[in-house]
Novice: 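This is the structure I have questions about; it appears just below.
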Amino acid sequence: MIDIKLIRENTEAVREAMEKVGAEPGLIDRAKELDERWREKNAEVERMRARLNRESKKVKSAPKDVRQSIIDDLRSLGDKIDSLNAEADSTGSELRDVMLNIPNMPDPDVPVGKGEEENVVLRTEGTFPDFEPGFQPRPHWDICTELGIIDFERGAKISGSRFYVLMRNGAKLQRALISWMIDLHVSQHGYTEVYPPAIVQEKCLYGTGNLPKFAENLYKDAEEDLWLIPTAEVPLTNLHREEILSAEDLPLCYTAYTPCFRREKMKAGTDVRGIKRGHQFDKVELMKYVKPENSNAELEKLLDNAEEVCRRLELPYRITQMCTGDLSFVAAKKYDIEIWAAGCEEWLEVSSCSNFRDFQARRAEIRYRPAPQEKPEYLHTINGSGLALPRVMIAVIENYQQPDGSVTVPDILRPYMGGLEKICET
RNA sequence: GGAGGGGUGGCUGAGUGGACGAAAGCGGCGGUCUUGAAAACCGUUGGGGCGCAAGCCCCCGUGGGUUCGAAUCCCACCCCCUCCGCCA
């Protein structure tokens, strides 16, 4: 949530920001109006309640003969308060509903643009694979089926479309990547390893901003208030929900491996081949709780930590910055890391690194105390993948493929693969 | 899933209808004393909302209810602990 005070006091600036991200402009006017109405009603309720409290204290010592009439008066005052308070409450919850649907404000340095096509490629890194002249690199679904390390048909048989089964060295490669990435972030970048629940309560998803707007992308338990996480960002951000942290605890840096579940309902029909976009996938996530004044720098560091995975795997990648029109609902600034996959000839998004500023912190009530005795303030949250497994697998398999159909194991992963140098048909 | 016990401020823990946003102790912060530190002593110390301010309102697991008035009484739910059952 953005600060309601911004809407009250800087209405025009908020309107401009909403224009840039392509949000419905009426939301701001609606919020402003509801806020004014709520404050009026609430102030009235509080004035009446003050009177009720004051008079109630007198009842005990009131002379017997007037006592009953005072009580009668107060009872009717109480009834009035109840009904006016109900109005105030419903206005308040209407306001909250509107606020929950207002997206974050973009940072001033985010390029203005309407959509995906106006994102900016900041830089391209690494070297592209050097295949023999005349060799046409193949897509991973062909390579992996032939090697017997991914079984698409049986995945569909068990669970339907957009599911697959990793087999043998395919499963092992994923496991190696997970372990190696976590080790890298813990030992080289100073993150704390976490294994959180992959099923969470609804309020967690409000905290991160997945709800109320994006329910159609999520799986949920039909009977209980429990939802499958679409990313580890959800449990990691809720780890400190409704807490007040002390300044010296910050930054808190977490890394977690979890499965992720997405209904992908909106994307039906696209990317159905291969393992690029499944309903279930695995991810190693990076997440930070930081002081507001450090969030710019911390985002750059997190991006660099995620990039380190690409560098050490020696994969070609590029960094793009999202324009205002392609920012997520919650992000104030966002970079994507995309790895080049030589077989399907695509830049694959393997990480989105975002600064949410206090947007999620406000929703999830995560604060910190700048100094002892000082008032708590909302902190900033930052998050990015480090990295998403299936797409890194695609890139490794397609970029390290050999003309004989085998796949060379990147040097850095060999210790995690029992020394295996090459994945061959088995 | 069944039975019993319990959820109060950073922590321990009192509080069974009005003077309680809450005793006391510990911890934290500030000060006195001291060359410095410790001890001792004094003061201070939860969160939120509205308001220029004075101030007012709300919060004792959560949500309802009773009452002029609820931390305190009633109902429902949640969580934790112990025992039994089941189970990877």
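Reminder, nothing fancy here: chain letters follow the sequence lines and each chain counts from 1.
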Novice: Distance between the C1' atoms of B:A76 and B:C86, in whole angstroms?
Specialist: 28 Å
Novice: Report yes if a side-chain nitrogen or oxygen of A:R67 is closer than 4.0 Å to either non-bridging phosphate oxygen (OP1 or OP2) of B:C68; otherwise report no.
Specialist: no
Novice: Both distances below 3.5 Å, Watson-Crick or wobble geometry, any strand: find the nucleotide opposite B:G27.
Specialist: B:U45
Novice: Looking only at atom P, what distance separates B:G5 and B:C74, rounded to whole Å?
Specialist: 14 Å
Novice: Does a sphere of radius 6.0 Å around CZ in A:R96 hold more than 12 heavy atoms from other residues, nucleotides or ligands, not counting ones at 6.0 Å or beyond?
Specialist: no
Novice: Sort out the partner of B:G7 for me: Watson-Crick or G-U wobble, both distances under 3.5 Å, none otherwise.
Specialist: B:C78
Novice: Table please: side-chain donor-acceptor pairs of residues 414-423 of chain A below 3.5 Å, with sequence neighbours left out.
Specialist:
residue : atom : partner : partner atom : Å
A:R414  : NE   : A:V409  : O            : 2.9
A:R414  : NH1  : A:D411  : OD1          : 3.4
A:R414  : NH2  : A:V409  : O            : 2.9
A:Y416  : OH   : A:D183  : OD2          : 2.6

Novice: When we call it a touch if two heavy atoms are under 4.0 Å apart, what does A:N53 touch: a base, just sugar-phosphate, or nothing?
Specialist: sugar-phosphate
Novice: Quick check: any donor-acceptor pair below 3.5 Å linking the side-chain of A:E46 to the base of B:G49?
Specialist: yes
Novice: Between B:G47 and B:G21, how far is it from one C1' atom to the other, in whole Å?
Specialist: 11 Å
Novice: Which residues in residues 81-100 of chain A have a heavy atom closer than 4.0 Å to any atom of RNA chain B?
Specialist: none
Novice: In whole Å, measure the gap between the C1' atoms of B:C33 and B:C50 for me.
Specialist: 45 Å
